[in-house]
Amino acid sequence: MTDRASASSRWMPFSDRHVVITGASSGIGRATAQCISAQAGRVTLLARRAERLEALAASLGEGAAWHAVDVSDSEALIVAIDRAVAVNGPIDGLFLNAGTGGTFAPVESYPDSDFMHVMQVNLLSAFRAIAHVLPMMKERGKGAILVIGSLASERGMANNAAYVASKHGLLGLARAVALEAAPFGVRCNCIVPGFIETEMFDALPDEAMSQLASRIPQGRTGRAEELAGVAAFLLSDAASHVTGQSLAVDGGVLGTLSVQANAPSLARLTRRRS
Ligand code: NDP
């Protein structure tokens with residue numbers, strides 16, 4: 001029996017709810033689909049890798065649908081969303097999670113086409129999906145939208161201008177949409193992952209991963225399930241008064257002074273003043 005089937009006999013946060021998730025074929029998207037399905041939600045899984053989506057939908061059981069789509073193709077994305085509504089009913093939650101890291105290059109030699117591609121996958125797709133779904137949510141007087149930012153929504157990063165610009169854009173988009181949607185009972189937030197172990201980090205050697213982890217206040221990277229639980233919360237009625245927010249799931253990174261390396265001199269200064 002699937003988690004969803006065993007949950008169906010009692011009320012759960014996503015009972016009778018339909019959540020559409022982009023980038024559902026791996027990592028954070030897949031974990032969020034599993035989390036919502038385990039709470040009795042119907043999920044529609046969108047991404048490019050059909051075989052991954054099909055296998056995930058089969059493991060989730062009844063109520064899980066999938067459509068293979070490249071989110072950078074706006075028209076195809078709209079068609080996939082309309083198919084999701086036709087198969088699984090009106091959309092209660094929209095999690096715009098698909099993303100690409102893009103090319104690493106200094107800004108003066110960053111290829112235009114690479115910059116535009118990152119913008120299309122990360123930002124424009126979210127804008128187009130929201131523009132399509134928001135009117136339906138407004139009409140029903142309910143709904144929750146969640147975009148996925150990054151620490152690069154809040155901070156800069158050298159040699160990755162397109163990603164940083166797209167992730168800053170996503171946070172801005174969420175805040176703007178939140179204000180337009182609030183009078184209609186619709187919410188919009190931005191979740192900000194820190195360093196979450198997914199395929200995105202597959203190329204990083206183990207040594208680099210441990211170095212990274214040592215700089216995180218919790219001393220470790222995050223797991224996709226830890227992100228999924230917070231994403232599910234923001235998409236659920238438990239967050240009914242939360243909108244226009246960015247919420248970091250980062251083991252403490254954003255809460256840290258970046259002058260940590262100078263901690264001894266800061267300590268000296270503090271002593272002198274006291
Ligand atoms: P994964 O690489 O595991 O997941 C990325 C997902 O995006 C995949 O499902 C992929 O599916 C999908 N995707 C990528 N390009 C497209 C496209 N053109 N059309 C449709 N789907 C696409 O990494 P994560 O789970 O970590 O990434 C999810 C989100 O989290 C991203 O937006 C990322 O920027 C963000 N994030 C992650 C962090 C981390 O530490 N992991 C940190 C900060 C932000 P497919 O290839 O099948 O199309």
Side-chain angles (χ1 to χ4, degrees), residues 20-35 43-57 66-81 84 94-104 114 116-126 128-129 146-157 160 162-171 173-174 190-204 208-209 212-213 215-216 218 220-228 230-231 234 246-251 253-254:
V20 173
I21 302 172
T22 68
S25 58
S26 62
I28 292 166
R30 178 174 57 199
T32 305
Q34 288 167 331
C35 179
V43 285
T44 300
L45 318 168
L46 306 181
R48 290 166 301 179
R49 286 171 291 179
E51 68 293 348
R52 295 272 200 116
L53 298 176
E54 187 174 19
L56 178 59
W66 62 275
H67 306 288
V69 64
D70 183 334
V71 298
S72 69
D73 179 343
S74 295
E75 278 175 29
L77 177 59
I78 299 307
V79 169
I81 289 172
L94 178 63
F95 183 22
L96 299 164
N97 161 75
T100 180
T103 306
F104 275 83
D114 290 14
M116 286 313 297
H117 178 68
V118 174
M119 285 299 183
Q120 270 168 344
V121 174
N122 292 0
L123 182 56
L124 192 65
S125 67
R128 292 301 309 272
L146 182 62
V147 303
I148 195 152
S150 158
L151 296 177
S153 298
E154 306 270 7
R155 301 285 187 271
M157 189 185 354
N160 204 1
Y163 185 75
V164 176
S166 71
K167 292 295 185 179
H168 268 67
L170 278 162
L171 176 52
L173 178 67
C190 178
I191 193 164
V192 171
F195 299 97
I196 310 296
E197 282 185 44
T198 64
E199 288 175 21
M200 217 175 212
F201 287 99
D202 273 359
L204 220 57
M209 252 344 240
L212 194 64
R215 294 197 191 131
I216 298 169
Q218 280 189 340
R220 65 171 179 85
T221 48
R223 296 184 301 278
E225 305 77 62
E226 293 177 297
L227 206 296
V230 181
L234 289 170
S246 81
L247 181 49
V249 182
D250 68 351
V253 175
L254 275 184

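Here the structure is a predicted model, which is why all the values come from computation and not from measurement. Both counts, for ligands and for their atoms, begin at 1 and track the order of listing. Any value given below was found using the heavy atoms of this structure, including those in side chains, with hydrogens, waters and symmetry copies removed.
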If we ignore angles and hydrogens, is there a donor and acceptor under 3.5 Å between the side chains of Q120 and S125? no
By salt bridge (Lys or Arg N to Asp or Glu O under 4.0 Å) - contacts of R220 (at least two apart): E226
The single option from V147, L171, L170 passing side-chain contact (heavy atoms from CB on, under 4.5 Å) against S246: L171
List the protein residues in contact with ligand 1, where contact means a heavy-atom separation under 4.0 angstrom. G23, A24, S25, S26, G27, I28, A47, R48, R49, V69, D70, V71, N97, A98, G99, V121, I148, G149, S150, Y163, K167, P193, G194, F195, I196, T198, E199, M200, F201
Does anything in residues 190-201 form a salt bridge (Lys or Arg N to Asp or Glu O under 4.0 Å)? List the pairs, not counting sequence neighbours. R49-E199, R52-E199
What residues form a side chain to side chain contact (heavy atoms under 4.5 Å, CB included) with V69, not counting sequence neighbours? L46, A76, A80
Here the pair of heavy atoms bringing I148 nearest to C190 is C-SG, 4.5 Å
